Amino acid sequence: MKKGKRTIKRIKNKLYANRASAKMLAQVRYLTGYEDPEVDYNRTIQRFVPADRQADRKYMRKLKKDILFSEMYYGMDAIEYFRYRFEDLSDKARKTYVGRREVVRALMKLETPETRELFRDKYKTYKRFEKYYKRDIVKVGAEDKDIFLSFCEKHDMAMVKPYASRQGWGVHKVELKTEEQREQVFREIVEEGCCVVEEVLNQGYEIAKYHPQSANTLRVITNVNGGDPEIILCTARFGTGDSVIDNGCVSAGVDLETGMIITPGREAQKSGRHLRHPDTGYQILGASVPYWDDLVAFAKEIAMVVPEQRIVGWDLALSVDGWVIIEGNTRPGLQVLAGDGVGVRSILERITR
């Protein structure tokens, strides 16, 4: 069966752009029960499809075939299929969308080995852009207890990020008030191998009010291509529930001219849309990003620190001292940042020409 799956993948790569072949291959995959190992199809369907629709066998057969066809022909995995409401889109509209795998392949070509290493290493990024972080950050490993204890003398709480963390995995907030707490946190860091320890961000109220316990950010994509930097996409992201970060929570598209939020909030792992924050009730759709002109100027300034890296997705937060960097990413999602019903293929094609 594994050999069969590899064969299907090879065929898929050859026939990706042919609609008839993609449809036929989707039918084969449906009949053979093939599933992409990166996506749990059944769990995804259970998460996004109401129970009464799941009980409709005819509908479910049609849906599963369309999900597979959308992966074959449009490059969208099952999660993206529901996230972008592909079921409701015409063929013409679907063609304007671009899947995460295609985005990653395209943006990898815009990296250099040096910039890739710079942005992968969280502490190197901090040292290069230190004045834009506006907070205390240290790298802590097994041999760095003195550095860690010195940090603890200045801060009674911290954010701990595993050194190789991606998409917010393993990021958590810790208390450092007592000697016992500090020893426990240091032991956990040693077990992890190496971590970046950050001063907790003192957020500005205008953004913090949406979800005070998390760092709410603006994901801003900048493009530098031999001239002045430009912002090509922006989305507002808010934490929910018990989360201390905003990854995978609620996001909404921002108009680049006005700084106004122009789409409902959308949850990455659910199908719902929110006009207001689901926990605090603050308005999302129609709200304005505070100090928008300052944010635009800040994003363009930091983009020119390393202009050889053309595309960067910056996570920026509003602190009491103004806009600050949370981190930068050289392979940011593009489609996931766009608003409902908005494909970004034209943007990707323009920036990769």
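Note that the structure is a prediction, hence the values are computed from the model and not measured.
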Hydrophobic cluster membership, Phe119 vs Val324, 4.5 Å side-chain cutoff = no

In Å, rounded to the nearest 0.5 Å, how long is the span from CD1 of Ile232 to CG of Asn223?
-> 5.5 Å

Check: Trp314 ring centre within less than 6.0 Å of Tyr132 ring centre | no

Does Ala303 offer a backbone N or O that forms a donor-acceptor pair with the side chain of Thr222 under 3.5 Å?
-> no

Under 3.5 Å, is there a donor-acceptor pair between the side chain of Arg345 and the main chain of Lys95?
-> yes

Carboxylate-amine/guanidinium contact Glu71 Arg101, below 4.0 Å | yes

Report the distance from atom CG of Leu233 to atom CD1 of Ile311, rounding to the nearest 0.5 Å.
-> 9.5 Å

Side-chain H-bond candidate by donor/acceptor type, Arg43 with Gln46, under 3.5 Å | no

Ile261 with Trp323, same ILVMFWY side-chain cluster at under 4.5 Å | yes

Do Pro332 and Leu107 have side chains that get closer than 4.5 Å, going by heavy atoms?
-> yes

Does any non-hydrogen side-chain atom of Val254 lie less than 4.5 Å from one of Ile262?
-> no

Would the number of heavy atoms belonging to other residues, nucleotides or ligands and lying under 6.0 Å from CZ of Arg57 be above 12?
-> no

Stepwise, does the side chain to side chain contact (heavy atoms under 4.5 Å, CB included) test hold for Leu295 with Val289?
-> CA-CA 9 Å; Leu295 173 65; Val289 175; 4.2 Å; yes

Could you state the interatomic distance from OH (Tyr123) to SG (Cys194), rounded to the nearest 0.5 Å?
-> 10.5 Å

Checking side chain to side chain contact (heavy atoms under 4.5 Å, CB included) for the pair Met60/Ile45: CA distance, chi angles, key distance, verdict?
-> CA-CA 9 Å; Met60 290 302 295; Ile45 288 172; 3.4 Å; yes

Give the cluster check for Val140 versus Tyr126: same hydrophobic cluster or not, with ILVMFWY residues linked at side-chain heavy-atom distances below 4.5 Å.
-> no

Should Ile189 and Val197 count as side-chain neighbours, where that means a heavy-atom distance under 4.5 Å?
-> yes

Classify the angle between the aromatic ring planes of Tyr97 and Phe86 as parallel (below 30°), tilted (30 to 60°) or perpendicular (above 60°).
-> perpendicular

Backbone of Val306 reached by a side-chain donor or acceptor of Gln309 within 3.5 Å = no

Ring pair (Phe, Tyr, Trp, His ring centres under 6.0 Å) assessment of Tyr74 paired with Tyr81 = CA-CA 10 Å; Tyr74 303 106; Tyr81 178 92; 9.5 Å; no

Distance-minimising heavy-atom pair for His211 and Thr240 = NE2-C, 3.3 Å

Single-linkage hydrophobic cluster, 4.5 Å side-chain cutoff, Tyr205 and Ile207 together = yes

For residues Ile137 and Val196, determine if any side-chain heavy atom of one lies less than 4.5 Å from a side-chain heavy atom of the other.
-> yes

List the atom of Arg350, the atom of Glu230, and the distance in Å for their closest heavy-atom pair.
-> NH1-OE2, 2.8 Å

Side-chain H-bond candidate by donor/acceptor type, Gln184 with Glu180, under 3.5 Å | no

Nearest 0.5 Å please: distance from the SG atom of Cys195 over to the CZ atom of Phe186.
-> 10.5 Å

Between Glu198 and the options Lys122, His155, Lys161, the side chain to side chain donor-acceptor pair (under 3.5 Å) test singles out Lys161

Short question: side chain of Thr125, backbone of Asp121 - any donor-acceptor pair under 3.5 Å?
-> yes

Would you say the side chain of Ile326 lies within less than 4.5 Å of the side chain of Tyr133, judging by non-hydrogen atoms?
-> no

Glu183 and Lys145: salt bridge (Lys or Arg N to Asp or Glu O under 4.0 Å), yes or no, with the steps?
-> CA-CA 9 Å; Glu183 290 293 334; Lys145 190 170 185 177; 3.0 Å; yes

Are Leu176 and Val138 connected, step by step, through hydrophobic side chains (Ile, Leu, Val, Met, Phe, Trp, Tyr) whose heavy atoms are closer than 4.5 Å?
-> yes

Can you establish whether the number of heavy atoms outside Asp228 located under 6.0 Å from its atom CG is more than 12?
-> no

For the atom pair NZ (Lys177) and CZ (Arg182), what is the distance rounded to the nearest 0.5 Å?
-> 11.5 Å

Are Val104 and Met108 close enough, and set up right, to give a side chain to side chain contact (heavy atoms under 4.5 Å, CB included), and what steps lead you there?
-> CA-CA 6 Å; Val104 168; Met108 283 176 63; 3.9 Å; yes

For Gln203 and Ser214, indicate whether the former's side chain and the latter's backbone hold a donor-acceptor pair under 3.5 Å.
-> yes

What do the steps show when you test Asp77 against Arg100 for salt bridge (Lys or Arg N to Asp or Glu O under 4.0 Å), and what is the final call?
-> CA-CA 9 Å; Asp77 66 29; Arg100 61 183 174 84; 2.7 Å; yes

May I ask you to test the Leu316-Ile325 pair for a side-chain heavy-atom distance under 4.5 Å?
-> yes

Heavy atoms of Val171 and Met159 approach each other most closely as CG1-CE, 3.7 Å

Report, as yes or no, whether the 6.0 Å neighbourhood of atom CD on Glu308 holds more than 12 heavy atoms from other residues, nucleotides or ligands.
-> yes

Full working for salt bridge (Lys or Arg N to Asp or Glu O under 4.0 Å) between Lys62 and Glu87 = CA-CA 10 Å; Lys62 180 180 177 182; Glu87 186 178 8; over 6 Å; no

Would you say Gln213's side chain and Gly241's backbone share a donor-acceptor pair under 3.5 angstrom?
-> yes

For residues Glu267 and Val250, report the shortest heavy-atom separation together with the two atoms involved.
-> CG-CG2, 3.7 Å

Distance only, no hydrogens: is a donor on one side chain within 3.5 Å (strictly under) of an acceptor on the other, for Arg116 and Thr330?
-> no

Within-4.5 Å side-chain heavy-atom neighbours: Tyr84 and Met76 = yes

Is there a donor-acceptor contact under 3.5 Å from the side chain of His277 to the main chain of Gly265?
-> no

Hey, is the main chain of Met260 close enough, under 3.5 Å, to the side chain of Thr258 for a donor-acceptor pair?
-> yes

SB check Asp321 Arg135 (cutoff 4.0 Å) = no

So, Ser288 side chain and Pro290 main chain: donor-acceptor pair closer than 3.5 Å or not?
-> no

Under the salt bridge (Lys or Arg N to Asp or Glu O under 4.0 Å) criterion, do Asp136 and Lys154 qualify, and how do the steps go?
-> CA-CA 9 Å; Asp136 197 10; Lys154 295 179 286 183; 3.1 Å; yes

Taking the side chain as C-beta and beyond, is there a heavy-atom pair between Asn329 and Val312 under 4.5 Å?
-> no

Which atom pair, heavy atoms only, marks the closest approach of Arg310 to Thr352?
-> NH2-N, 4.2 Å

Mind listing the closest non-hydrogen atom pair of Asn216 and Ala317 along with its distance?
-> O-CB, 4.0 Å

May I ask you to decide if Ala297's main-chain N or O and Glu301's side chain share a donor-acceptor pair within less than 3.5 Å?
-> no

Quick one: CD1 on Ile79 to OG1 on Thr44, what's the gap to the nearest 0.5 Å?
-> 4.5 Å

